[in-house]
Amino acid sequence: MVMLNCNTRIVRNQSWEPVEYAVKALLRDIQNTCNTTNEEGTAIVLENADDIPAECFELQASDEKLTLRASDDLGFIYGIYYISKHFLKVNEFWFWNEQIFEKKDGYKIPDDFYYRSEPYNVRFRGWFVNDEVLIDDWKINGDNELPWEMTFEALLRCGGNMTIPGTDHNAHIYCEMASKMGLWITHHHAEPLGAQMFSRAYPDLEASYDKYPELFEKLWREGIEKQKNYKVLWNLGFRGQGDRPFWADDPAYDTDEKRGRLMSQLIRKQYELIKSYDKDAICCSNLYGETMELYKKGFLDIPEDVIFIWADNGFGKMVSRRQGRHNPRVYALPEAGAGGKHGIYYHASFYDLQAAAQMTMLPNSPEFVVNELKTVYDAKANDYWIINCSNVKPHAYILGLIAKIWNSDFAIDNVEEYVSSYLNEYCCTYYGDEYADKISAMYRLWPQYCPKYGPNEDDHAGEQFTNHGARVLTTAFITGFNKKAPSETEAAKEWLWFSDKQTLIEQVADYKKIIETAKDGYEQYLGKCHEVAASLPSSVRKLFVNTLVWQVEYHYYSYLGALHTCNAIETAILDKSDDQGMFLKAFYEAGLAAKAFKTGYEKMRSTENGDFEGFFANDCEADIRQSYYVLLGLMSYLRFHGDGPHFYKWQRMFQAGAGGNKVLLILRVKKHLTDEELWEIMDKAGFARM
């Protein structure tokens with residue numbers, strides 16, 4: 001009999017560092033899923049086998065042992081994680097989804113068990129750990145490297161084989177760990193050859209290749225030297241110092257022809273440089289944003305054996321991304337019959353300061369994602385898939401779906417059935433068979449409640465729409481309020497991408513149409529989630545709240561805050577009361593907004609448990625906490641206008657013993673209240689009903 005238990009040994013005749021990471025993980029999984037017993041456990045034997053294709057493995061039970069055969073590191077790693085998932089039921093996102101384990105004395109394996117894996121249909125597949133502000137700031141029991149190890153482990157469990165191991169500094173810090181765990185390394189499109197950005201290395205110099213060619217090339221050579229012992233897909237290109245075009249730093253390049261000529265020249269130079277180190281080096285180049293537009297116009301010349309990486313727009317649609325108000329939506333896949341090698345950069349998470357989702361799940365449906373990735377495969381762009389995974393935990397559901405697709409043969413006849421099957425399996429896996437139907441129904445609702453903000457099928461809003469929107473409109477009001485002619489207060493320039501009206505009040509009206517309906521929807525959605533949660537046992541309820549419900553709450557309180565922000569600005573601009581009454585009403589609405597954003601932040605932080613203590617502390621991109629602070633600022637601004645300069649009139653109206661609103665005394669009898677203290681006594685006094 002073949003039995004995995006706490007006494008199972010893993011036998012190998014040599015040690016490979018990447019495989020040892022996986023072995024260590026399997027031994028940990030055995031301890032997490034097995035009771036202590038005196039029964040002998042079956043040995044797992046690792047054997048080299050040249051007849052097994054790269055990245056594949058063969059697993060066979062015989063002679064009271066389980067033999068794992070592979071020809072390379074990744075074959076063994078995938079085989080080890082197959083054992084963990086298939087027999088021990090430790091799943092891909094066990095850590096990130098806080099999977100609940102029920103220990104057993106052992107796990108029987110049929111004596112005739114045999115399995116042989118197949119090659120993947122996507123050659124290079126992995127995650128870009130980008131906008132990783134939560135992972136970067138978080139420690140597990142004081143260890144700041146363990147979050148990264150768990151990220152790379154989850155990727156390997158999903159069948160991934162490459163990564164961009166973080167953004168900017170992090171990519172340089174964690175590339176060694178990722179490589180030691182068996183992953184290929186590739187690079188951010190702003191860091192060709194994985195080199196340090198010019199402005200990091202030379203902060204006092206102008207980032208101009210024309211002025212400092214030798215310094216740029218020195219950085220490229222240093223990047224190659226640092227990574228020469230890793231498995232690398234070398235990214236070629238020339239963007240600006242960060243996520244922007246290089247001509248933003250060098251205005252001499254003021255035409256597409258000039259820009260394309262320099263970019264083509266430097267890509268060719270980088271290509272020749274890396275080939276001088278390694279004639280078999282694999283190279284890729286991002287056709288991203290403005291770069292794709294240059295390519296489509298015929299201004300880019302890239303060596304034909306370089307993998308062309310096409311990018312979605314951040315919302316899952318394979319068209320060029322919106323940048324500010326510029327949104328040409330250029331088709332972002334190779335045309336039929338195009339030669340060469342092609343791949344994609346696809347976002348499960350995106351950050352655009354406009355309407356994207358980085359803290360919560362993609363706002364477009366999983367069916368939409370599957371259809372887009374089918375289009376990618378049909379366009380033969382299956383040489384390279386890099387998925388923006390952000391901070392992993394909020395996006396596990398979609399990341400798992402994408403991994404299922406890159407693991408499959410793309411024979412997806414019925415997309416709805418495919419997604420339904422995946423969702424059912426996902427919910428059974430993490431919440432248990434008994435509760436899967438109830439919880440899967442809540443996941444199905446997610447895209448239905450994400451509001452549509454534009455004319456395109458993918459124009460559904462993430463949490464940045466509420467948080468950045470509320471802050472942009474508030475800033476425009478405070479910095480530009482026209483007190484003499486309030487309705488003529490100028491529009492927020494940063495919100496023209498959404499509403500191109502001339503005045504702020506018109507923009508607020510356009511915004512509020514979506515916000516108000518969405519707030520009602522999320523209130524309904526949250527109520528349904530709470531009904532389901534109340535029907536679950538405590539352990540499953542906690543898991544459900546920690547994985548899905550907090551995301552619904554983030555949206556609900558963000559929309560509630562944004563709605564009250566709109567009301568506050570509208571009141572201050574349109575109300576015909578005297579200044580004191582107008583600003584007092586607006587102050588109260590701003591307080592409701594601040595309270596909503598603060599509650600959303602507190603709800604999110606309340607889900608931090610165990611290893612995830614402090615996980616959300618650095619929510620700094622959507623940043624619902626900053627929305628709270630900004631609305632406190634709006635409260636103060638409105639109080640200056642309506643209650644300053646002595647700040648006693650409003651307090652007299654609502655605070656017992658402060659002198660009353662009718663009898664005015666020269667001297668005060670109570671200390672000044674803070675804005676929040678004043679708002680609280682207004683609320684308790686029933687101001688909303690006055």
Side-chain angles (χ1 to χ4, degrees), residues 53 55-56 78 82 85-86 91-93 115-127 157-161 310-313 315-319 331-338 341-348 361-389 395-431 433 436-448 450 452 456-460:
E55 299 190 354
C56 295
Y78 297 150
Y82 179 90
K85 177 179 172 63
H86 192 76
N91 297 295
E92 291 86 351
F93 297 98
Y115 177 79
R116 182 162 177 155
S117 68
E118 297 293 330
Y120 291 88
N121 285 297
V122 176
R123 173 64 186 93
F124 294 106
R125 51 208 180 272
W127 293 346
R157 285 179 177 271
C158 286
N161 64 359
W310 304 81
D312 76 309
N313 64 347
F315 294 81
K317 185 69 177 175
M318 295 306 300
V319 296
Y331 178 70
L333 281 173
E335 303 291 346
K341 298 178 179 179
H342 299 272
I344 60 168
Y345 171 33
Y346 197 81
H347 292 81
M361 289 190 292
L362 190 74
N364 287 306
S365 72
E367 290 84 0
F368 172 85
V369 171
V370 174
N371 278 315
E372 283 300 298
L373 294 179
K374 281 185 65 181
T375 303
V376 167
Y377 193 73
D378 291 343
K380 301 188 182 338
N382 62 327
D383 291 296
Y384 176 113
W385 284 16
I386 192 80
I387 311 300
N388 190 318
C389 72
H395 313 290
Y397 173 59
I398 290 297
L399 291 172
L401 175 63
I402 295 171
K404 179 179 174 67
I405 295 170
W406 77 33
N407 285 330
S408 72
D409 60 4
F410 286 87
I412 305 171
D413 298 323
N414 187 309
V415 170
E416 287 72 24
E417 288 182 4
Y418 185 86
V419 170
S420 181
S421 173
Y422 165 74
L423 175 57
N424 182 66
E425 180 186 0
Y426 184 89
C427 289
C428 287
T429 293
Y430 295 107
Y431 306 105
D433 295 352
D437 287 346
K438 290 181 179 181
I439 294 175
S440 64
M442 296 301 100
Y443 274 91
R444 285 191 186 91
L445 292 176
W446 179 266
Q448 297 177 30
C450 292
K452 203 167 189 301
N456 303 298
E457 63 174 332
D458 50 296
D459 287 343
H460 289 94

Residue pair [X] / [Y]: nearest heavy atoms and the distance that separates them:
{"X": "Gly159", "Y": "Asn407", "answer": "CA-OD1, 4.3 Å"}
{"X": "Leu423", "Y": "Ser440", "answer": "CD2-O, 3.5 Å"}
{"X": "Tyr346", "Y": "Ile402", "answer": "CD2-CD1, 4.2 Å"}
{"X": "Pro447", "Y": "Pro366", "answer": "CG-CD, 4.3 Å"}
{"X": "Pro53", "Y": "Arg116", "answer": "CD-NH2, 3.5 Å"}
{"X": "Ala379", "Y": "Pro334", "answer": "O-CG, 3.6 Å"}

[X]: which residues meet the side-chain hydrogen bond (donor to acceptor under 3.5 Å, both in side chains) condition with it, sequence neighbours left out?
{"X": "Trp385", "result": "none"}
{"X": "Asn388", "result": "Asn130, Tyr345"}
{"X": "His460", "result": "Asn364"}
{"X": "Tyr443", "result": "Tyr431"}

Check whether any side-chain N or O of [X] sits under 3.5 Å from a backbone N or O of [Y] as a donor-acceptor pair, and report yes or no.
{"X": "Ser420", "Y": "Glu416", "answer": "no"}
{"X": "Asn313", "Y": "Phe315", "answer": "yes"}
{"X": "Arg123", "Y": "Asn121", "answer": "no"}
{"X": "Asp459", "Y": "Lys452", "answer": "no"}
{"X": "Tyr78", "Y": "Cys56", "answer": "no"}

(Q) Applying salt bridge (Lys or Arg N to Asp or Glu O under 4.0 Å) as the test, list every pair that has at least one member in residues 365-381; sequence neighbours left out. (A)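 Qualifying pairs: Lys317-Glu372.
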Q. For residues 437-446, which residue pairs qualify under salt bridge (Lys or Arg N to Asp or Glu O under 4.0 Å), counting only residues two or more places apart or in two chains?
A.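 Counting only pairs at least two positions apart or across chains, no salt bridge (Lys or Arg N to Asp or Glu O under 4.0 Å) contact touches residues 437-446.
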Let me confirm one number: the [atom1]-[atom2] distance from [X] to [Y], rounded to the nearest 0.5 Å.
{"X": "Cys428", "Y": "Ile439", "atom1": "SG", "atom2": "CD1", "value": "10.0 Å"}
{"X": "Asn382", "Y": "Phe124", "atom1": "CG", "atom2": "CZ", "value": "12.0 Å"}
{"X": "His347", "Y": "Ile387", "atom1": "NE2", "atom2": "CD1", "value": "9.5 Å"}
{"X": "Glu92", "Y": "Tyr430", "atom1": "CD", "atom2": "OH", "value": "5.0 Å"}
{"X": "Trp446", "Y": "Leu362", "atom1": "CH2", "atom2": "CG", "value": "10.0 Å"}
{"X": "His342", "Y": "Asp383", "atom1": "NE2", "atom2": "CG", "value": "8.0 Å"}

Q) Taking everything shown except Lys341 itself, do over 12 heavy atoms lie less than 6.0 Å from its NZ? A)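 Counting neighbours around NZ of Lys341, 12 or fewer heavy atoms of other residues, nucleotides or ligands fall under 6.0 Å, so no.
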Does [X] reach the side chain of [Y], with side-chain heavy atoms less than 4.5 Å apart?
{"X": "Tyr377", "Y": "Ile405", "result": "no"}
{"X": "Leu333", "Y": "Ile344", "result": "yes"}
{"X": "Cys158", "Y": "Trp127", "result": "yes"}
{"X": "Phe93", "Y": "Thr429", "result": "no"}
{"X": "Tyr418", "Y": "Leu401", "result": "yes"}

Q.
I'd like to know whether Met318 forms a side chain to side chain contact (heavy atoms under 4.5 Å, CB included) with Thr375, so could you lay out the CA-CA distance, the side-chain angles of the two residues, the decisive distance to 0.1 Å, and finally the verdict.
A. CA-CA 9 Å; Met318 295 306 300; Thr375 303; over 6 Å; no
Q) Do Tyr422 and Tyr397 have ring centres separated by under 6.0 Å? A)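 So the answer is yes for these two rings.
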